[in-house]
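Quick notes on the structure that follows.
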Number of protein chains: 2
Amino acid sequence: MQDSLRRFKADIFQALAHPTRIAIIELLAGGELSAGELIEKLGMEQANISQHLAVLRAKQLVVNRKAGNQVFYAVRDPIINKVLALMRRYFQKHLKEALELLGEMDGDPVVPRH
Amino acid sequence: MQDSLRRFKADIFQALAHPTRIAIIELLAGGELSAGELIEKLGMEQANISQHLAVLRAKQLVVNRKAGNQVFYAVRDPIINKVLALMRRYFQKHLKEALELLGEMDGDPVVPRH
DNA sequence: ATACTATATTCGAATGTTGGAATATTCAAT
DNA sequence: ATTGAATATTCCAACATTCGAATATAGTAT
């Protein structure tokens, strides 16, 4: 149980572990949006967004509602928004290190080393 | 900026997206532990834990302190513990669905479909 | 029935992650 | 200097994730 709880949490984090999916969740924090609206606001390929939505659906982070032609998505539980809000605080707190970290990840340091 | 913030968050979630790394963070919530103690408590391969610690270090989720022979690890910022605590609440709230979800992921549904 | 719009799925190549085995490093003790 | 204990790193095969391209499905309107 201890272990399957951890697998569960890991799966949720996995679902959140992509910038596009984070963007989707953050957009949905403002309320329900259709897939089309998400695609438009994100300015990315339709298929790509749809794939990311499928991941979020599979892990039940979002719920969806069909309305005629369209599918409206919403975050299933506001706890997830709280998690992202905490991450925002974390980021602000460690802004400097975070920037360096991002730079290094690109192999392109923000601040040259000594 | 908007986007690199999201990449940053995604990277943190990625670092958390493994049961073993979650277990490590949760063990460290009780305070500093040496790598050896972590290995013992987790009952896994030394190399494996060390690799997971390397991931957590790279994303700066943990800090480490050398003391002679040993290396002591600690969670860098309690915000991360709060994130995991929220996940615990989320899990409890959605326990039933979560179990089914875990089951399906194994290809082994908890409740057979009619 | 046909055509159109919105969304989802499948496929494949590129890329990333994982764990074990083997090896390397670092410090302490003799 | 050598040995031993604690930890880290490298290499590699298996597996998972990502994206775009193409295709499929579902609903609406004609």
Side-chain angles (χ1 to χ4, degrees), chain A residues 3 6-7 9-24 27-28 32-74 101-102 104-107, chain B residues 3 6-7 9-24 27-28 32-74 101-102 104-107:
Chain A
D3 185 60
R6 278 166 184 156
R7 262 185 296 146
K9 288 181 198 165
D11 280 328
I12 305 283
F13 287 129
Q14 175 62 43
L16 292 172
H18 194 287
T20 302
R21 292 195 293 266
I22 290 178
I24 290 172
L27 283 172
L28 293 179
E32 228 186 27
L33 288 175
S34 72
E37 289 170 315
L38 286 170
I39 292 159
E40 189 201 330
K41 287 181 195 262
L42 292 167
M44 309 181 85
E45 290 284 330
Q46 181 270 324
N48 194 359
I49 299 301
S50 193
Q51 283 168 0
H52 285 301
L53 286 171
V55 172
L56 293 172
R57 253 185 292 126
K59 303 297 167 59
Q60 313 216 34
L61 289 173
V62 300
V63 291
N64 61 329
R65 167 177 83 77
K66 281 177 202 181
N69 225 0
Q70 290 162 290
V71 181
F72 286 88
Y73 282 89
L101 199 59
L102 282 168
E104 281 159 25
M105 283 165 191
D106 288 353
Chain B
D3 184 61
R6 279 167 184 155
R7 261 185 297 146
K9 288 181 198 164
D11 280 327
I12 304 284
F13 287 129
Q14 175 61 45
L16 292 172
H18 195 286
T20 303
R21 292 196 292 267
I22 290 180
I24 290 171
L27 282 172
L28 293 179
E32 228 186 27
L33 289 175
S34 72
E37 288 170 313
L38 285 170
I39 291 160
E40 188 202 331
K41 286 180 196 263
L42 291 167
M44 310 180 84
E45 291 284 329
Q46 181 270 325
N48 193 0
I49 299 301
S50 194
Q51 282 169 5
H52 285 302
L53 286 172
V55 172
L56 293 172
R57 254 185 292 126
K59 303 298 168 56
Q60 313 217 35
L61 289 174
V62 300
V63 291
N64 60 330
R65 166 177 83 77
K66 280 176 204 182
N69 228 1
Q70 290 161 290
V71 180
F72 287 88
Y73 282 89
L101 199 58
L102 282 168
E104 281 159 25
M105 282 165 192
D106 287 353

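Just so it is clear, the model here is predicted, and its values are computed rather than measured. Naming convention: chains lettered A, B, ... in sequence-line order (proteins, then strands); numbering from 1 in each chain.
Positionally, the nearest nucleotide of DNA chain D for Ala47(A) lies more toward the 5' end than for the other of Lys66(A) and Ala47(A). If Val71(A) and Gln51(A) are placed on DNA chain C by their nearest nucleotide, the residue sitting closer to the 5' end is Val71(A). Projected onto DNA chain D by closest heavy-atom contact, Asn64(B) and Val55(A) fall at different nucleotides, the more 5' of which corresponds to Asn64(B).
Contact annotation: Tyr73(A) reaches the phosphate of dA8(C) (side-chain N/O to OP1 or OP2, under 4.0 Å). For His52(A) and dT18(D), the shortest distance from a side-chain N or O to OP1 or OP2 is not below 4.0 Å. Close to dT7(D), at under 4.0 Å from its OP1 or OP2, lies no side-chain N or O of Arg65(B). Between Arg57(B) and the phosphate of dT9(D), there is a side-chain N or O to OP1/OP2 separation shorter than 4.0 Å.
A straight line from CE of Met44(B) to P of dT18(C) spans 12 Å, rounded to a whole angstrom. What separates NZ of Lys59(A) from P of dT17(D) is a distance of 7 Å, to the nearest Å. Atoms CD1 (Ile49(A)) and C1' (dA6(C)) sit 14 Å apart, rounded to a whole Å. Atom-to-atom, CG of Asn69(A) to P of dA8(C) comes out at 11 Å; the value is rounded to the nearest Å. Rounding to whole angstrom units, CD1 of residue Ile24(A) and P of dT7(C) are separated by 13 Å. Rounded to an integer number of Å, the gap from CD of Gln70(A) to C1' of dA8(C) is 15 Å. The interatomic distance linking Leu16(B) (CG) with dT17(C) (C1') rounds to 15 Å, in whole Å. Summarising the geometry, the separation between CD on Gln14(A) and C1' on dG16(C) is reported as 11 Å, rounded to the nearest angstrom.
Taking every side-chain heavy atom of Arg21(A) into account, dT18(D) is the closest of dT7(D), dG27(D), dT18(D). When each of dT7(C), dT9(C), dA8(D) is scored by its nearest atom to the side-chain atoms of Leu53(B), the top-ranked nucleotide is dA8(D). Here the side chain of His18(A) is nearest to one of dC19(D), dG20(D), dG20(C), namely dC19(D).
A donor N or O paired with an acceptor N or O is found under 3.5 Å between the base of dA8(C) and the side-chain atoms of Gln46(A).
If you check every strand for non-hydrogen atoms under 4.0 Å, Phe72(A) touches nothing. Within 4.0 Å (heavy atoms only), Asn48(A) reaches sugar-phosphate atoms of the nucleic acid but no base atom.
Note on the helix from dA13(C)-dT18(D) to dT30(C)-dA1(D): angle between the axes of the first and last five pairs equals 30°, rounded to 10 degrees.
Taking the side chain as every heavy atom from C-beta outward, His52(A) and Met44(A) never approach each other to under 4.5 Å. Counting heavy atoms from C-beta outward, Leu27(A) and Leu42(A) have side chains that approach closer than 4.5 Å. For the pair His18(B) and Val55(B), the minimum side-chain heavy-atom distance is 4.5 Å or more.
Within a 6.0 Å sphere centred on CD of Glu37(B), heavy atoms belonging to other residues, nucleotides or ligands number more than 12.
When all heavy atoms are compared, the tightest approach of Ile39(A) to Gln46(A) is CD1-CG, 3.6 Å. Nearest heavy atom pair, residue Tyr73(A) against residue Leu53(A), reads CE1-CD1, 3.6 Å. Heavy-atom minimum distance, Ala10(B) versus Ile22(A): N-CD1, 3.3 Å. Of all heavy-atom pairs between Phe72(A) and Ser34(A), the closest is CD2-N, 3.5 Å. Here the closest heavy-atom approach between residue Arg57(B) and residue Asn64(B) is recorded as CD-ND2, 3.8 Å. Across all non-hydrogen atoms, the minimal contact from Leu56(B) to Ala15(B) is CD2-O, 4.0 Å.
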(message) Apply salt bridge (charged side-chain N to carboxylate O under 4.0 Å, His left out) to residues Arg7(A) and Asp3(A) and explain how you reach the verdict.
(response) CA-CA 6 Å; Arg7(A) 262 185 296 146; Asp3(A) 185 60; 3.7 Å; yes
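For the segment residues 35-43 of chain B, the set of residues with a heavy atom within less than 4.0 Å of an atom of DNA chain D comprises Ala35(B), Gly36(B), in numerical order.
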